[in-house]
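Take a look at the structure below.
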Amino acid sequence: MSQLLVLSKNKFRAILHARSMYLWLLAGLLVVIRLLPLVLIPNRMPTGMNPNAQARFAEIIRNLRPNNIAGGFNDWSLFCIAFAISVGAAALSTEITTKTIITTLARRVERWKLLAGKWMAIQLFAVLSLSIGLGVFKAVGAYFDVTFSNMVWMALLHALVATMLYSSIAITLSTILSSTLSAALAVLLAFLPGLISFLLEDTDRFRHAIGVVHDYLVPPGYSNLYRNAVLPGALLDYGAQTQTLLENLGYAVVFFVIGCVIFTKREIRLG
């Protein structure tokens with residue numbers, strides 16, 4: 001257990017020192033772009049407008065603020081997921097390229113612990129990043145009079161579990177593929193659920209059958225619930241959302257176990 005904690009701690013420090021600022025700067029820039037329309041459009045009703053125009057303007061403002069804030073928070077979460085894929089896909093290739101894996105394995109560290117330490121560090125960074133995002137967007141929401149309901153915690157949980165899932169997939173793929181290909185395939189899997197939904201609704205029997213098969217093989221993936229969290233009176237099926245979370249967690253465990261088995265059997269070549 002102590003080895004696992006040390007490995008996780010070292011990887012977490014490496015993430016903070018090497019890449020975290022880039023992620024937060026990019027995400028911060030995206031937030032500014034998202035919120036720019038809210039700053040440019042005046043908060044007060046323009047004078048000289050007829051009642052119909054005033055009603056339309058008020059409706060635009062009511063929709064624009066929560067939509068932009070929810071969209072910005074969703075983009076922030078997607079950045080965290082993409083970053084997790086990037087770090088997970090490069091986890092082994094970086095160690096092998098720099099040959100630091102020799103030192104690590106020479107200490108008789110079990111290979112599954114090496115993968116688990118990297119995976120845990122990614123989750124710690126995701127928790128930190130999502131916490132920062134929550135603070136930023138709650139402050140922005142308070143300024144623009146947009147309130148987050150308790151549904152925001154379910155939305156954050158979806159983002160965190162998606163980070164666990166796709167970082168597991170990326171790490172597993174990195175045990176047999178290059179970092180670039182591992183990241184690309186993990187991103188492809190992240191987009192597949194939308195295509196599968198389309199195939200499941202298709203009336204053609206062959207395409208529908210393809211959708212059914214892939215529905216079993218591909219995890220449900222990330223669900224964006226931030227809009228529900230900012231719309232007054234929005235409803236959410238917590239039972240269905242909990243089932244999706246559990247399915248994603250199950251797929252994450254399966255992928256990670258497969259990665260550990262492959263990495264344990266793999267011959268590492270440094271040449």
Side-chain angles (χ1 to χ4, degrees), residues 1 3-20 22-23 77-105 107 109-130 158-193 217-222 245 247-270:
M1 188 63 182
Q3 278 187 337
L4 187 58
L5 292 176
V6 169
L7 289 168
S8 178
K9 180 180 177 181
N10 291 340
K11 183 60 180 178
F12 181 65
R13 284 179 176 176
I15 292 174
L16 288 178
H17 292 161
R19 306 178 183 183
S20 60
Y22 296 108
L23 172 68
S77 298
L78 290 175
F79 261 98
C80 291
I81 296 170
F83 183 79
I85 291 174
S86 173
V87 175
L92 288 179
S93 63
T94 302
E95 292 259 11
I96 293 173
T97 301
T98 59
K99 299 185 179 181
T100 54
I101 196 169
I102 299 175
T103 306
T104 304
L105 296 181
R107 297 173 181 171
V109 175
E110 294 180 68
R111 293 190 180 189
W112 73 267
K113 289 184 179 179
L114 180 62
L115 292 185
K118 295 178 182 296
W119 183 83
M120 288 172 59
I122 293 172
Q123 311 323 311
L124 287 173
F125 183 78
V127 170
L128 177 60
S129 296
L130 290 172
H158 268 282
L160 182 59
V161 171
T163 303
M164 295 178 181
L165 170 65
Y166 291 113
S167 59
S168 295
I169 293 174
I171 288 175
T172 297
L173 292 172
S174 73
T175 60
I176 53 176
L177 301 173
S178 67
S179 59
T180 302
L181 190 55
S182 299
L185 289 176
V187 171
L188 177 62
L189 280 174
F191 282 100
L192 272 181
L217 298 176
V218 178
Y222 171 66
L245 288 173
E247 288 180 13
N248 282 331
L249 281 173
Y251 277 99
V253 171
V254 170
F255 274 106
F256 186 76
V257 170
I258 291 173
C260 289
V261 172
I262 293 173
F263 187 48
T264 301
K265 304 292 184 181
R266 174 185 172 184
E267 178 184 356
I268 299 175
R269 297 180 180 178
L270 303 174

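When reading the values below, keep in mind they use all heavy atoms of this one structure, side chains included, and skip hydrogens, waters and symmetry mates.
Taking each heavy atom of Ala159 and Ile81 in turn, the nearest pair found is O-CG1, 4.1 Å. Pairing each heavy atom of Leu160 with each of Ala126, the nearest pair is CD1-CB, 4.1 Å. Between Asn248 and Pro220 the shortest heavy-atom distance is OD1-CD, 3.1 Å. When all heavy atoms of Ala89 and Ala170 are compared, the pair lying nearest together is N-CB, 3.6 Å. Of all heavy-atom pairs spanning Ala84 and Ile122, the tightest one is CB-CG2, 3.6 Å.
With sequence neighbours left out, the side chain to side chain contact (heavy atoms under 4.5 Å, CB included) criterion links Val254 to Ile258. For Tyr222, the side-chain hydrogen bond (donor to acceptor under 3.5 Å, both in side chains) test picks out Asn74, with sequence neighbours left out.
Considering only heavy atoms from C-beta on, Leu181 stays 4.5 Å or farther from Leu173 through its side chain. Annotation: side chain of Phe125 is not in contact with side chain of Val87 (no heavy-atom distance under 4.5 Å). Within the 4.5 Å cutoff, the side chain of Leu189 has heavy atoms near those of the Leu192 side chain.
Atom CE of Met120 sits about 10.5 Å away from atom CE of Met164, to the nearest 0.5 Å. Considering CD1 of Ile176 and CD1 of Ile262, their distance stands at 5.0 Å, rounded to 0.5 Å. The line from CD1 of Ile169 to OG of Ser182 is 11.5 Å long, rounded to the nearest 0.5 Å. To the nearest 0.5 angstrom, Ile171 atom CD1 is 13.0 Å from Phe255 atom CZ. The distance from the CZ atom of Phe79 to the OG atom of Ser129 is 11.5 Å, given to the nearest 0.5 Å.
For residues 166-178, the side chain to side chain donor-acceptor pair (under 3.5 Å) pairs, not counting sequence neighbours, are Trp119-Ser167, Trp119-Ser168, Gln123-Ser167.
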